[in-house]
Amino acid sequence: MPRARETGLVVRELDEETVVYDLERNEAHCLTPAAASVWKRCDGSTTVSDIAGMLRHEDKLQVEEDTVWAALTLLGKLNLLEEQVSRRTARTMSRRDMMRRAGMTVGVGLPLITSLSVLTAQGVGASVACIAAGAHCDPLHLNCCSPHVCKTSIGRVCNNFGNCTCR
Amino acid sequence: VRVSHARLVDDVLPYMPFGWHEVDAMGMKQTFSLIAPRRRALSGEASTYRLFDQNAEIKQTPMLRDALEELGSRMQIYVAEMAEERVFLHAGVVGWKEQAIVLPGRSYAGKTTLVRELVRAGATYYSDEYAVLDREGFVHPFARPLGIRVNGLNQEKHHVETLGGRAGTDLAPVGLVVLTQYRARARWRPERLSRGQALLEVLNHAIPARRRPATVMETLERVVACALVVRSPRGEGRTIVPRILSLMEDYGDPSGTVS
């Protein structure tokens, strides 16, 4: 029986969705109501069949056991369960197939879970200007405006502070 | 901030973070150091400016301006990350009818251009770089000079008054969040996000998200609870401004819909 991970997470419940921040991986996930309901019921003692029944009767979601397995597999891959679930059919499914099957059965918009990697402060806020094509650059200047790179007049990558420009 | 030569002080001052003031050096938590090249470089020695974050070298460049821009950026990000009573979003912000319109976006997403166009349309200027939120989710003014790019490269600083606008002075609740980025010939098709999706998307632009995730999420939850959050690429700023402002108008109307 699956058990939801409890440590190393910041969890916020917004209406029927749940947003989870994984402190160990600096990843954040938004669980749709269906995924959130499955996750909430992973207490280590409730079977998958029982979870599916609860979603149908209590949450009024049209789900089958396959849907729950798909959600559990996804939750496991995202490290939101204590252990990855094991079910032959689910394991051989591609993530796309899992999500498609879960979405078709549940009738909710895909994807079940939206995730992102949270950037560092520098990654979020960097605002140093890139160097335009034709402008001087040096090997430690990694920010020629895309798609240009810092090169010498003969096309080689710069390794000194000579006549290097973004090309 | 430390510099190797007194002559660098005047160069550094324009790059200090908005709202800075001088304090006693005792108990300082963070040091940035700018080292100028020797006037007479030794044989084989590169003539470069070197920038350090504490003891770690973060940049070498022969161009002073590049070093200063990097220094300014690093200081700004440090303040944004470490401010304890505020959550800084990388976002433009304007005020419209006593509410804030927040425009999260990475560098080169076109935040300043969109902010400038909104100000031209009568919005109040709050910031072109950071939405500064308190714990309750209200936006505080951060009306630094707008950094308008010249030829897509360097920035020129312009006070909003010189552009015909006015700076906001009051706290403002967030009424609208627009997640957008300029793309040539993009069609404006705003998609309204659920609260969970909105929180996730805005979290992606929160400077201190990794350092204080619980506080940041709590603050953003308050923001998305009341604000309309939409997402769409956009074309030219002038054509999109009326549609952004109409979103605010429609959202305030119980019978309004996103269009």
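Since this is a predicted model, take the numbers as computed values, not measurements. Every chain is numbered from 1, with letters handed out A, B, ... down the list of sequences.
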I'd like to know if the side chain of Arg116(B) pairs up with that of His158(B) as donor and acceptor (distance under 3.5 Å, no hydrogens or angles considered).
no

In this structure, which one of Val229(B), Leu179(B), Val174(B) forms a side chain to side chain contact (heavy atoms under 4.5 Å, CB included) with Val102(B)?
Val174(B)

Given heavy-atom pairs under 4.5 angstrom as the criterion, report whether the side chain, backbone, both or neither of Ile207(B) touches chain A.
both

Cut-off 4.5 Å, heavy atoms of chain A, and the answer for Ala225(B) is neither

Heavy-atom cut-off 4.5 Å, strictly under: side chain, backbone, both or neither for [X] against chain B?
X        : result
Thr18(A) : neither
Leu23(A) : side chain
Glu16(A) : neither

Lys/Arg-Asp/Glu bridge criterion (N-O < 4.0 Å) met for [X], [Y]:
X         : Y         : result
Glu17(A)  : Arg195(B) : no
Glu82(A)  : Arg5(A)   : no
Asp128(B) : Arg144(B) : yes

Using a cut-off of under 4.5 Å on heavy-atom pairs, state which of Arg211(B), His205(B), Glu201(B), Arg74(B) scores highest against chain A.
Arg74(B)

Quick one: of Pro208(B), Ser194(B), Ala80(B), who has the most non-hydrogen atom pairs under 4.5 Å with chain A?
Ser194(B)

When rounded to the nearest 0.5 Å, the distance separating CD of Glu65(A) from CG of Asp50(A) is 9.0 Å

